[in-house]
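Accompanying notes for the structure given below.
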Amino acid sequence: MRVAITGANGLLGNGLVRVFSEHHTAIPLGHAECDITDDGKVREVFARNKVQAVIHAAAIPDLDICEADPGLAYRVNVEGTRNVAEAARELGAIVAHISTDAVFDGEKRTPYTETDAANPPTVYGRTKLQAEKAVRSLAEHFIFRVPVLFGPSKENFVSKGLRKLANGEEYEVASDQLGGALYTLDGARKMMEVTESKHFGTYHLANSGACDRLELARLAATLAGFDAGKIIGKPSAEMGRRAKRLKYAVMDMRTLREAGFTLPRPWQESLAEYVREWQVGQ
């Protein structure tokens, strides 16, 4: 397939381009190539490239930026997604939209399923939920809800901590955020497998197993040979963040299982691979 990947310069976008390029004609679209808030530009770029599928990863994913500027969040996350969906509709192209665990409210204490009610408490979560609704207007679509990401090419939650430890600094991490984690390359491979199957629907996607942010950061430190004691856990309410953080965001990958797909490997295995890759790049 000829697959357009929006947000191609982002953390997940990098992984998507790397993986899809192995089996398809990947068309990387960063902001410079395709401003998704410009509907005419989106249509022109998609038509010129004869796009057959779109992996829509472009967004403003920073919760605090979204909270500070709801208008910007709406233009990019909602209107941008509508533009992508409409341009794809005109070409008969499949759309796979990257969403988030932040569409939930964090009040549940058992894993969220794909059919659980969404009730996002943040601007980011609300705009991503609206974006999901825009994509659902298409007959042939996928929605992939993902948790915190780590992976090569871009700084992320894990690499930021490793860099600080390498510089002899401490790294403050929320101690009360339980959810999942996803290695971008594992996520991209599974998205490609599901997209190729054309088994349309909404999917939760994470590496297997739940973890909190503190556990994730400390294991990464240990794997890299650093002192995990320099990862300092603090309640999220004391970390000075503008947007509310969910204390519980574990997702049940029920749709993947019921559709017959294998679940991604445990997050600990993926993290070990990523840390090795990070070390080689230092």
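All values derive from a computational prediction rather than experimental measurement. Starting from 1, each residue takes its place in the sequence as its number.
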Inset, instruction - Give the intermediate values and the outcome of side chain to side chain contact (heavy atoms under 4.5 Å, CB included) for residues E172 and M239. - result: CA-CA 8 Å; E172 290 190 348; M239 296 192 69; 4.2 Å; yes
Quick check: closest heavy atoms across [X] and [Y], and the distance to 0.1 Å?
{"X": "M1", "Y": "A53", "answer": "SD-CB, 4.1 Å"}
{"X": "G15", "Y": "L185", "answer": "CA-CD2, 3.8 Å"}
{"X": "L214", "Y": "S175", "answer": "CD2-CB, 4.1 Å"}
{"X": "F150", "Y": "W267", "answer": "CZ-O, 4.4 Å"}
{"X": "T110", "Y": "Y248", "answer": "C-OH, 3.2 Å"}
{"X": "I60", "Y": "L72", "answer": "CD1-CG, 3.4 Å"}

Legend entry - Check: D252/T113 side-chain N/O donor and acceptor closer than 3.5 Å: no
Legend entry - R145-T202 side chain donor-acceptor pair, cut-off 3.5 Å: no
Can you measure from [atom1] ([X]) to [atom2] ([Y]) and round to the nearest 0.5 angstrom?
{"X": "R254", "Y": "D116", "atom1": "CZ", "atom2": "CG", "value": "7.5 Å"}
{"X": "H204", "Y": "I143", "atom1": "NE2", "atom2": "CD1", "value": "10.0 Å"}
{"X": "F157", "Y": "R213", "atom1": "CZ", "atom2": "CZ", "value": "5.5 Å"}
{"X": "L271", "Y": "R265", "atom1": "CG", "atom2": "CZ", "value": "10.0 Å"}
{"X": "I94", "Y": "E196", "atom1": "CD1", "atom2": "CD", "value": "10.5 Å"}
{"X": "H141", "Y": "R136", "atom1": "NE2", "atom2": "CZ", "value": "5.5 Å"}

Determine whether [X] and [Y] fall in the same hydrophobic cluster, where Ile, Leu, Val, Met, Phe, Trp and Tyr are linked whenever their side-chain heavy atoms lie under 4.5 Å apart.
{"X": "V84", "Y": "L138", "result": "yes"}
{"X": "V76", "Y": "L129", "result": "no"}
{"X": "I5", "Y": "L182", "result": "yes"}
{"X": "V78", "Y": "V42", "result": "no"}
{"X": "Y274", "Y": "L216", "result": "yes"}

Legend entry - Residues, nucleotides or ligands: over 12 heavy atoms within 6.0 Å of H24 NE2: yes
Inset, instruction - Using a cut-off of 6.0 Å, state whether more than 12 heavy atoms not belonging to K234 lie near its atom NZ. - result: yes
Inset, instruction - Please test E33 against R48 for salt bridge (Lys or Arg N to Asp or Glu O under 4.0 Å), starting from the C-alpha separation and ending with a verdict. - result: CA-CA 12 Å; E33 294 80 23; R48 171 162 44 85; over 6 Å; no
Inset, instruction - Run through E170, E155, E169 and flag the one making a salt bridge (Lys or Arg N to Asp or Glu O under 4.0 Å) with K164. - result: E169
Side-chain heavy-atom pair [X], [Y] within 4.5 angstrom cut-off:
{"X": "P264", "Y": "L205", "answer": "yes"}
{"X": "N14", "Y": "R18", "answer": "no"}
{"X": "N9", "Y": "H31", "answer": "no"}
{"X": "R276", "Y": "W278", "answer": "no"}
{"X": "P152", "Y": "T184", "answer": "yes"}
{"X": "M191", "Y": "V194", "answer": "no"}
{"X": "Q130", "Y": "Y74", "answer": "yes"}
{"X": "P147", "Y": "M251", "answer": "yes"}

Okay, side chain of [X], backbone of [Y]: is any donor-acceptor separation there less than 3.5 Å?
{"X": "E258", "Y": "T255", "result": "no"}
{"X": "N77", "Y": "K128", "result": "no"}
{"X": "N207", "Y": "Y183", "result": "yes"}
{"X": "D212", "Y": "Q177", "result": "no"}
{"X": "T222", "Y": "A228", "result": "no"}
{"X": "E273", "Y": "E269", "result": "no"}
{"X": "S137", "Y": "A134", "result": "yes"}
{"X": "K190", "Y": "A206", "result": "no"}
{"X": "N156", "Y": "G151", "result": "yes"}
{"X": "T195", "Y": "M192", "result": "no"}

Does [X] come within less than 4.0 Å of [Y], counting only side-chain N to carboxylate O?
{"X": "E114", "Y": "R257", "result": "no"}
{"X": "D64", "Y": "R245", "result": "yes"}
{"X": "E86", "Y": "R89", "result": "yes"}

Legend entry - K108 to Y112 six-membered ring, cation-pi geometry met (6.0 Å, 45°): yes
Inset, instruction - Could you go through the side chain to side chain contact (heavy atoms under 4.5 Å, CB included) check for N119 and E107 one step at a time? - result: CA-CA 10 Å; N119 183 33; E107 299 300 320; over 6 Å; no
Legend entry - Residue that, paired with R2, satisfies side-chain contact (heavy atoms from CB on, under 4.5 Å) out of L91, V51, I27, V54: I27
Legend entry - side-chain contact (heavy atoms from CB on, under 4.5 Å), paired with I55, selected from T6, V3, V19, L12: V3
Inset, instruction - Specify whether F261 and H199 have parallel, tilted or perpendicular ring planes, treating 30° as the upper limit for parallel and 60° as the lower limit for perpendicular. - result: perpendicular
